[in-house]
Each structure stands twice: as structure tokens, then as C-alpha cells.
Amino acid sequence: MKIGLMIGCAILILLLGLAYFQYGKFIPTLGSTHQPLSDHEIQKLQQTKPVTSIEVFKSQRILQLKHQQEIIRSYPIRLGFDPIGHKQFEGDGKTPEGTYSIDWRNPQSAYYKSLHISYPNKEDRAYAKQHQRSAGGDVMIHGTVPTRATSLPASASYMPRKDWTLGCIAVTNSDMDEIWQLVTDHTPIVIHP
């Protein structure tokens, strides 16, 4: 009887370990998040300090909205599942590095809302073609909770502990609401290592 119980416990521990290894990156980040802007504050920023650029610092996991050189807002982010280095090929799990722009938006995105980053550029496509691979595309800034799950409690502030996207930049859904309103199409985005 004791041996059966020990074997059962060992199997349970093994299964829990495998589940953590597979899904641990989705455990939420604990800690406080910044206070969301009110509609009035967003409107005031749009009028007095419109966003002129976006800067992303991959190593710090930070996205900044800037008016000229002034930081207007700063947001925590998660990146592609293999974030070190510049995205070169479809499926490599890397987030691009370099200067791009926001070239379109999708209000019906699978991950809440999304702003498309103009990757791949001409150099990215040429490099991938030289290696007979696809450069990929559909690199976005998007929310962290799928649109179909936004009714769940705390979905607006959910942020996974680890990087998990296929190369996109993920922010909380509440942060995505702010970014969506503050960033216009054609805004430059600089993504640093």
C-alpha cells in the first residue's frame, strides 16, 4: 500500500513538473502595475504631447511612448520566445531590432487589439531570400489575453512572467488600450537589443 502511494505521489510530482515546464511561462507576473490613464488624460496627451515615436528596449522589457525626446508613458512588455538577436526568419521566435513604423492596426486581433510593425523591410527580405527562407511577418504590438477571454476577471492586467510570443511585443490589455489611442499609424518605432 505504501509503495503504491509513493509511486502515485512520484507520478503526480512528475506530471506537475512537466506542466510547469510546458506552461510556466504563462504564470502571471506578481506586483503592482501602473495606474491606467483616464480618458481625459489620454485626450489631453493627444492634444498637448502627441506621440512622435516608440522605443522598445528588449533587454529591459520596456516599451516607451515619446513626444520628441520626452517619455510620455512606459510599459512592461514580453517578447518572442527566443528574444536575443534580430528576427531573421519566420518561426525563429525572435522580435525584430531596428527602425520600423506602425503601418496598420487590427481592432479584431486574436490577442485583443494589435498595431502592426512594418517588419520585414527590404533588407530583412533580402537576407531571408539569400538563405532561401521566409522572413516572416505579422509582427505586432498586441495584448496578452486572447480576445475571446477578455471577460475573465483580471484579464486587462494579466502579464505572463516570461517571453512567449512568436516574435511580437505583448503588453497588458489595459496598456494596449492606451497605446491604441495614443499611437497613430506611421509612428516610427525603434527596437533596441
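Remember, predicted model here, so these are calculated numbers, not experimental data.
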Run the side chain to side chain donor-acceptor pair (under 3.5 Å) test on His86 and Asp124 for me, step by step, so that the C-alpha distance in whole Å, both residues' side-chain angles and the decisive distance to 0.1 Å come before the verdict. CA-CA 10 Å; His86 175 59; Asp124 298 323; 2.9 Å; yes

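Annotation for Ser114 and Trp180: closest pair O-CZ3, 3.3 Å, computed over non-hydrogen atoms.
Here OG1 of Thr144 is found 11.0 Å from CE of Met176. Values are rounded to the nearest 0.5 Å. Separation of atoms NZ (Lys113) and CG (Asn106) is listed at 11.5 Å; rounding is to 0.5 Å. The CE atom of Met159 lies 9.5 Å from the CG atom of Asn173; values are rounded to the nearest 0.5 Å. To the nearest 0.5 Å, atoms CG (Leu63) and CD1 (Ile189) are separated by 6.0 Å. The structure places NZ of Lys49 at 11.0 Å from CD of Gln68, a figure rounded to the nearest 0.5 Å. Atoms CG and NZ, from Leu79 and Lys94 in turn, are 11.0 Å apart once rounded to the nearest 0.5 Å.
Atom CD of Gln69 has 12 or fewer heavy atoms from other residues, nucleotides or ligands within 6.0 Å. Remark: Ile62 CD1 is packed, more than 12 non-hydrogen atoms of other residues, nucleotides or ligands lying under 6.0 Å away. Remark: Ile84 CD1 is loosely packed, at most 12 non-hydrogen atoms of other residues, nucleotides or ligands lying under 6.0 Å away.
Proximity of Ser155 to Tyr112: side-chain heavy atoms (C-beta onward) are nowhere separated by under 4.5 Å. With a 4.5 Å cut-off on side-chain heavy atoms, Gln64 and Ser74 count as touching. Residues Glu90 and Arg133 form no side-chain contact, since every pair of their non-hydrogen atoms from C-beta on lies 4.5 Å or further apart. Side-chain contact between Asp103 and Asp185 is absent, with no heavy atoms from C-beta onward closer than 4.5 Å. The shortest side-chain heavy-atom distance between Glu97 and Tyr119 does not fall under the 4.5 Å cut-off. In this structure, Leu182 and Gln46 have side chains that are in contact, with non-hydrogen atoms separated by less than 4.5 Å. Put simply, the side chain of Val190 does not reach to within 4.5 Å of the side chain of Val56, judged on heavy atoms.
Side-chain atoms of Thr172 do not come within 3.5 Å of backbone N or O of Ser157 as any donor-acceptor pair. Between the side chain of Glu55 and the main chain of Lys66, no donor-acceptor pair closer than 3.5 Å is present. With Thr95 contributing its side chain and Gly167 its backbone, the two residues share a donor-acceptor pair below 3.5 Å. Remark: side-chain polar atoms of Ser174 are paired, donor with acceptor, to backbone N or O of Ala156 under 3.5 angstrom. Not a single donor-acceptor pair under 3.5 Å links the side chain of Ser101 to the backbone N or O of Pro188. Judged by distance alone, with hydrogens and angles left aside, the side-chain atoms of Glu41 form a donor-acceptor pair with the main-chain N or O of Ser38 at under 3.5 Å.
Checking Thr147, Thr165, Ile169 one by one against His142, the side-chain contact (heavy atoms from CB on, under 4.5 Å) holds for a single residue, Thr165. Each of Ile179, Leu45, Val183 was checked for a side-chain contact (heavy atoms from CB on, under 4.5 Å) with Val51, and the lone residue meeting it is Val183.
Trp164 and Tyr158 have their aromatic ring centers separated by at least 6.0 angstrom.
Using a cut-off of 4.0 Å between Lys/Arg side-chain N and Asp/Glu carboxylate O, Arg61 and Asp163 are scored as salt-bridged.
Thr184 meets the side chain to side chain donor-acceptor pair (under 3.5 Å) test with Thr187; sequence neighbours excluded.
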